[in-house]
Amino acid sequence: MKLLEIDDLHVSVQGKEILKGITLSVPEGELHAIMGPNGSGKSTLSYTLAGREGYEVTRGQVLYRGDDLTALSPDRRAALGVFLALQYPVEIPGVVTLTFLKVALNAQRRARGEQEFDAVQVLRSVRQNAAALNIPEDMLKRPLNAGFSGGEKKRMEILQMALFEPRLAILDETDSGLDIDALRLVASGVNAQRAPDRGILVITHYQRLLDYIVPDRVHVLAGGRIVRSGGPDLALELEKSGYGAVVEVA
Amino acid sequence: MTALARSIGGHTDAFRHDFARREVELPGGALQWLQDRRRAAMTAFTAIGVPNRRVEAWKYTDLANLLEPDLLPITGSGDADERVSPLLDESNHLRLFNGFLSRCASDDAIDIVDLSALRGEVPDWLRENFGVLACGPDQPMGAASLALMRGGVAIRVRRDNSLALHFSNGASLRPCVSHCRVLLLVESGVSVRLLESHTGETSSGSLRNIGVELILNANSRLEHIRLQKDAADAVHVTSLGAMLRRDSQYRACYAALGARASRLDINIRLTGDRSEAALHHVAAVDTGIADITSVIDHASPNTRSRQLFKNVAGGHGRVVNQGRVIVREGSVKSDSHQLFKALLLSPRAEVDAKPELEIFADDVLCGHGTAIGALDEDALFYLRSRGIPEEEAKRLLIRAFLAEAVEGFGNEAIRDSLWQELEGALTKAAKASR
């Protein structure tokens with residue numbers, strides 16, 4: 001059984017069709033990259049998979065572990081193991097990061113019928129994962145993402161991924177706005193979480209990230225469709241000749 | 001004459017007749033100085049009357065038309081209410097039931113006078129300070145509370161202390177009115193925490209009219225935490241006047257959590273150099289009106305004021321934020337800022353916000369801002385995408401919105417009980433908005 005199966009997916013936003021028939025599948029244990037020029041529909045795909053309101057599926061289907069994903073609320077999807085790292089993580093002043101992590105983790109556990117973690121268990125788990133991402137203790141005591149640098153926000157997203165242990169992780173332009181050191185740190189955080197029962201979908205504009213996170217498959221998204229798929233070499237080809245050439249050939 | 005005009009004239013006339021008939025029987029009726037102040041207050045009140053929307057400062061809260069047509073004056077306290085006050089604290093407890101002092105703590109650091117029993121000799125501090133603030137034509141309901149006062153309490157604090165003042169009223173089958181006064185005098189160099197709470201039984205649309213005078217002598221500090229949660233049919237007006245002398249500091253956190261209409265009518269005079277006032281306000285309503293209207297008067301150089309009002313309106317609730325800052329001639333280096341923010345949870349909820357500045361001095365810093373909106377959709381999606389169910393995510397965001405105005409007040413136990421009350425009001429507001 002495929003972890004994620006997208007078949008002929010059409011999505012409209014405010015009446016305008018953005019995704020025009022995407023077909024794509026991600027098996028367990030694989031990491032796929034979706035690359036594409038600006039406006040190709042990359043973020044629309046990630047928001048649709050996470051269940052954001054206003055992204056209307058007009059045709060096709062999305063199966064997650066064999067079940068229809070599009071019928072579920074965003075929080076239900078999260079509880080079932082779908083995680084989206086946002087391109088622009090939202091600043092939430094007034095909610096302490098550690099409190100947020102505890103509330104979110106326990107909401108997911110509760111929804112799955114698992115025992116909730118107490119404060120000590122959450123703290124232990126957060127600390128373990130934070131250290132590897134070079135996230136200092138005081139960042140956890142600050143309001144969520146408020147005043148965080150671009151790199152800090154992206155690291156916080158990866159920390160959540162580590163903490164929530166999703167089955168399917170979608171990373172939307174996680175490399176944008178990162179300098180080379182931050183990029184390496186984030187990439188090693190992602191690599192550490194590759195696992196046989198986990199699928200990862202990396203959405204990116206640049207090939208750069210794929211120097212550090214080597215994908216099993218690369219898909220090129222243009223004009224709301226997957227126009228080419230291939231192995232890791234496809235990313236290098238894109239880097240060399242640009243999207244224009246690849247999209248034209250398709 | 002229209003029916004509307006008759007009913008407006010009705011309350012003003014009724015208050016005036018009550019005064020004319022009972023002037024001598026009212027507490028302290030035999031004290032000449034007090035009688036003079038009450039007469040002056042009655043004159044000030046009569047100039048405006050019970051305000052309606054044609055009075056500019058009351059245009060969002062048409063008090064005269066929110067009141068029941070006939071209000072019976074409450075003349076005795078009845079059986080005192082001994083329930084626990086919502087703001088739990090170990091501090092000195094005073095209770096006012098139906099506007100009468102019903103229980104009184106004693107402490108050698110504070111002097112307390114029951115205003116319903118004013119007669120003969122009164123202490124100098126009381127005569128000098130009582131009936132001076134919250135009784136001018138700019139606070140007409142405060143003027144009425146002084147003129148028609150039946151009870152209340154005057155407190156002088158001589159050493160650092162904490163006080164809890166709990167107001168409640170009994171159930172009533174007819175609409176009543178209680179006029180009550182409070183004076184708190186904080187002596188020089190003294191720090192006080194005042195917890196004030198208001199709860200009430202269903203009372204057929206009764207009016208609770210309270211006048212509060214706060215006098216902060218030089219170098220004193222007052223932290224004021226106020227929780228107002230009246231019955232859904234009650235009308236509550238508190239007129240608060242404060243005088244801040246040299247180097248004194250007043251910090252307040254007011255919470256308005258329900259009534260048919262509540263109005264906190266504030267007038268703060270920064271009369272001493274380097275005096276400071278910080279007013280934080282939170283409102284959470286699902287029905288009725290929660291009105292906070294403030295005037296802060298920078299009457300001395302180097303004075304500072306801060307106002308942060310945060311409101312959540314759901315259902316068909318309405319919140320009103322009005323703030324006028326006056327900087328008098330010569331009050332150089334005055335520093336003032338006011339920020340009003342509101343969250344609307346329902347399309348039927350309403351916010352009226354009006355900041356005003358009147359500046360007559362150079363070299364001052366004055367700013368104001370207003371932001372009104374719905375919950376941030378991006379933030380809501382973000383939290384939901386992390387597994388937090390919609391209702392819980394909304395609650396978290398609303399709490400985060402209010403937190404800034406509550407942080408730093410009281411101690412952990414006080415904040416916890418304040419949050420508990422807030423959560424209750426927010427749950428009602430969310431329910432009424434579905």
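The chains referred to below are lettered A, B, ... by the order of the sequence lines, with proteins before strands, and numbering in each begins at 1.
- The closest side-chain heavy-atom distance from B:Phe381 to A:Val90 is not below 4.5 Å.
- Crowding of B:Glu356 atom CD: a count of heavy atoms from other residues, nucleotides or ligands under 6.0 Å exceeding 12.
- Residue B:Ala400 comes nearest to A:Pro93 through the heavy atom pair CB-O, 3.5 Å, listed as atom of the first residue, atom of the second, then distance.
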Identify each donor-acceptor pair in which a side-chain atom of residues 249-256 of chain B lies under 3.5 Å from a protein atom, sequence neighbours left out, and give them as a table.
{"from": "B:Tyr250", "atom 1": "OH", "to": "B:His224", "atom 2": "ND1", "distance (Å)": "2.7"}
{"from": "B:Tyr250", "atom 1": "OH", "to": "B:Tyr254", "atom 2": "OH", "distance (Å)": "2.8"}
{"from": "B:Arg251", "atom 1": "NH1", "to": "B:Glu223", "atom 2": "OE2", "distance (Å)": "3.2"}
{"from": "B:Arg251", "atom 1": "NH2", "to": "B:Gly408", "atom 2": "O", "distance (Å)": "3.1"}

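- When every heavy atom of A:Ala104 is checked against every heavy atom of B:Ile388, the shortest pair comes out as CA-CG1, 3.7 Å.
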No hydrogens needed, just list the donor-acceptor pairs between chain B and chain A under 3.5 Å.
{"from": "B:Asp378", "atom 1": "OD1", "to": "A:Arg52", "atom 2": "NH1", "distance (Å)": "3.3"}
{"from": "B:Asp378", "atom 1": "OD1", "to": "A:Arg52", "atom 2": "NH2", "distance (Å)": "2.6"}
{"from": "B:Tyr382", "atom 1": "OH", "to": "A:Asn145", "atom 2": "ND2", "distance (Å)": "3.4"}
{"from": "B:Tyr382", "atom 1": "OH", "to": "A:Glu157", "atom 2": "OE2", "distance (Å)": "2.4"}
{"from": "B:Tyr382", "atom 1": "OH", "to": "A:Gln160", "atom 2": "NE2", "distance (Å)": "3.1"}
{"from": "B:Arg384", "atom 1": "O", "to": "A:Asp75", "atom 2": "N", "distance (Å)": "3.3"}
{"from": "B:Arg384", "atom 1": "NE", "to": "A:Asp75", "atom 2": "OD1", "distance (Å)": "3.2"}
{"from": "B:Arg384", "atom 1": "NH2", "to": "A:Asp75", "atom 2": "OD1", "distance (Å)": "3.2"}
{"from": "B:Arg386", "atom 1": "O", "to": "A:Gln108", "atom 2": "NE2", "distance (Å)": "2.9"}
{"from": "B:Arg386", "atom 1": "NE", "to": "A:Gln160", "atom 2": "OE1", "distance (Å)": "2.7"}
{"from": "B:Arg386", "atom 1": "NH1", "to": "A:Leu84", "atom 2": "O", "distance (Å)": "2.6"}
{"from": "B:Arg386", "atom 1": "NH2", "to": "A:Leu84", "atom 2": "O", "distance (Å)": "3.0"}
{"from": "B:Arg386", "atom 1": "NH2", "to": "A:Glu157", "atom 2": "OE1", "distance (Å)": "2.6"}
{"from": "B:Arg386", "atom 1": "NH2", "to": "A:Glu157", "atom 2": "OE2", "distance (Å)": "3.3"}
{"from": "B:Glu392", "atom 1": "OE1", "to": "A:Arg110", "atom 2": "NH2", "distance (Å)": "2.9"}

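- Only the side chain of B:Leu397 comes within contact range of chain A, judged by heavy atoms closer than 4.5 Å.
- Atoms CG and CG, on B:Leu396 and A:Leu144 in that order, are 9.5 Å from each other to the nearest 0.5 Å.
- Counting heavy-atom pairs closer than 4.5 Å to chain B, the top residue among A:Gly94, A:Pro74, A:Ala50, A:Ala78 is A:Pro74.
- Of the atoms belonging to A:Pro166, not a single heavy atom falls under 4.5 Å from chain B.
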